[in-house]
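Below, read A as the first sequence line, B as the second, and so on, with proteins coming before strands; counting in each chain starts at 1.
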Amino acid sequence: MSVEEVTQKFEEAVSVSDAPKTVLSDNANFEVKHPLNSKWTLWYTKPAVEKSESWSDLLRPVTTFESVEEFWAIFQNIPEPHELPLKSDYHVFRNDIRPEWEDEANSKGGKWSFQVKGKGADIDELWLRTLLAVIGETIDEEDSQINGVVLSIRKGGNKFALWTKSEDKEPLTKIGAKFKQVLKLTEDGLLEFYPHSTANDRHAQPSISL
Amino acid sequence: MKRYTIEELFQLKPSEPVQQVDFDAVEFKAIIEKVKKIQALREEEFLTSNRRRSSHHHPTRPKIKHNKPKVTTDEDGWSTFEPKSATTNDESAIEDDDTNVKSRAQETVRVKPNNKNIASSRPADARDIIVDKQVHGFNAFAALESDEEEEE
């Protein structure tokens with residue numbers, strides 16, 4: 001059953017005069033919200049402009065959201081990826097997980113990584129599609145493997161990373177295949193999985209490639 | 001588990017932007033704008049600082065390589081050089097031709113050869129040799145005669 005059908009049925013069930021307003025019936029003053037599976041936190045990494053600024057100074061939580069409506073409100077009020085300065089990162093992580101390897105939820109996991117090379121790709125659209133697939137939980141149909149998603153704005157090419165809680169090859173391969181679809185990658189587009197345990201190794205090889 | 005496909009989530013997107021959010025969106029945007037400005041200034045500074053170029057030590061370096069003269073080929077296949085001065089239609093330019101030659105000559109005279117780093121001690125400019133040349137040569141006979149005559 002689609003979202004529209006659910007909303008329509010709900011509105012039919014309640015009498016018209018008392019019906020709470022949804023985002024479809026009243027765009028500005030809706031009362032009904034569509035809950036997400038979990039709470040999500042938007043983090044932002046500000047590029048360092050002074051040498052004294054440390055990682056902890058630069059990484060800050062911006063806001064949290066638990067419903068589809070809250071997500072759209074936030075998304076419409078923050079700069080789009082193409083408007084961000086170089087060396088910025090957007091992170092959207094589940095519950096209170098910090099977007100750091102040291103966080104207990106991340107320590108045994110890794111990340112699916114893809115770097116967009118060239119200026120042809122629409123980074124804004126790909127980021128939005130990735131976010132919707134993650135918060136809508138359609139990228140991970142069997143289990144809650146996904147901890148969060150990161151977009152890094154870099155000169156050499158913007159990077160997408162899907163952070164997972166484990167390194168298990170079987171569920172991760174399914175997630176990787178879905179992630180490729182979300183990023184609209186063809187057969188040539190290489191998606192690589194790096195365990196966080198190899199994060200400090202510059203010459204680390206991916207444990208899975210798709 | 002609650003799931004929404006990408007299409008379903010798009011259906012729930014409000015057609016007009018929602019202004020109410022539980023964080024200071026204006027301040028957040030201001031921080032990002034400030035960082036962008038600082039980065040742009042640094043980039044400009046880097047581009048204008050000539051960090052790795054040594055040629056800016058010689059602002060009056062003479063132009064050694066000149067542009068090739070323009071060559072036009074007519075219908076018969078004859079090629080003609082077009083010097084820069086000829087292309088100007090200003091008649092006074094032709095009249096002042098003599099003065100231009102003079103000023104050019106003066107400029108040439110003013111040039112001092114920098115031979116301090118040349119291994120040979122000989123001056124590089126031939127005119128310097130003429131200037132330094134002794135006007136009166138040493139006359140050995142005259143020198144011998146003069147001393148003896150005085151003693152006597």
- prompt: Could you state the interatomic distance from CZ (A:Arg129) to CZ (B:Phe10), rounded to the nearest 0.5 Å?
  reply: 7.5 Å
task: Indicate yes or no: at least one non-hydrogen side-chain atom of B:Tyr4 is less than 4.5 angstrom from one of A:Leu36.
output: yes
- prompt: B:Val21 versus A:Thr63: any side-chain heavy-atom pair under 4.5 Å?
  reply: no
field: Interface moiety of A:Leu131 toward chain B, non-hydrogen atoms closer than 4.5 Å
entry: neither
message: Does A:Asn95, at its CG atom, have more than 12 non-hydrogen atoms belonging to other residues, nucleotides or ligands within less than 6.0 Å?
response: yes
query: Just how far is it from atom CG of B:Leu12 to atom OG of A:Ser67, taken to the nearest 0.5 Å?
result: 10.0 Å
query: Heavy-atom distance under 4.5 Å to chain A: side chain of B:Ile6, backbone, both or neither?
result: both
query: Which one, A:Asn77, A:Ile74, A:Ile139, A:Thr138, leads in non-hydrogen pairs under 4.5 Å with chain B?
result: A:Asn77
message: Do B:Leu9 and A:Phe71 make a side-chain contact, defined as non-hydrogen atoms from C-beta onward lying under 4.5 Å apart?
response: no
- request: Give a yes or no on whether A:Lys180 atom NZ has more than 12 heavy-atom contacts from other residues, nucleotides or ligands under 6.0 Å away.
  value: yes
message: Within a 6.0 Å radius of atom CD on A:Glu102, are there more than 12 heavy atoms belonging to other residues, nucleotides or ligands?
response: yes
Within 6.0 Å of NZ in B:Lys34, more than 12 heavy atoms from elsewhere: no
- prompt: Heavy atoms, side chains only, cut-off 4.5 Å: are A:His34 and B:Lys2 in contact?
  reply: no
task: First locate atom CD1 of B:Ile32, then atom CD1 of A:Ile78, and finally report the distance between them rounded to the nearest 0.5 Å.
output: 8.0 Å
query: Which atom names give the shortest non-hydrogen contact between A:Pro85 and B:Lys36, and what distance separates them?
result: CB-CG, 3.6 Å
- request: Output the option from A:Leu84, A:Leu86, A:Thr64 having the highest count of non-hydrogen pairs under 4.5 Å with chain B.
  value: A:Leu86
- line: Bottom line for A:Tyr44: the part with an atom under 4.5 Å from chain B's heavy atoms is side chain
- request: Taking B:Arg3 for its side chain and A:Gly136 for its backbone only, find out whether a donor-acceptor pair lies under 3.5 Å.
  value: no
query: Does atom NZ of A:Lys87 have more than 12 heavy-atom neighbours from other groups under 6.0 Å away?
result: no
field: Heavy-atom check, side chain of A:Gln76 versus side chain of B:Pro14, under 4.5 Å
entry: yes
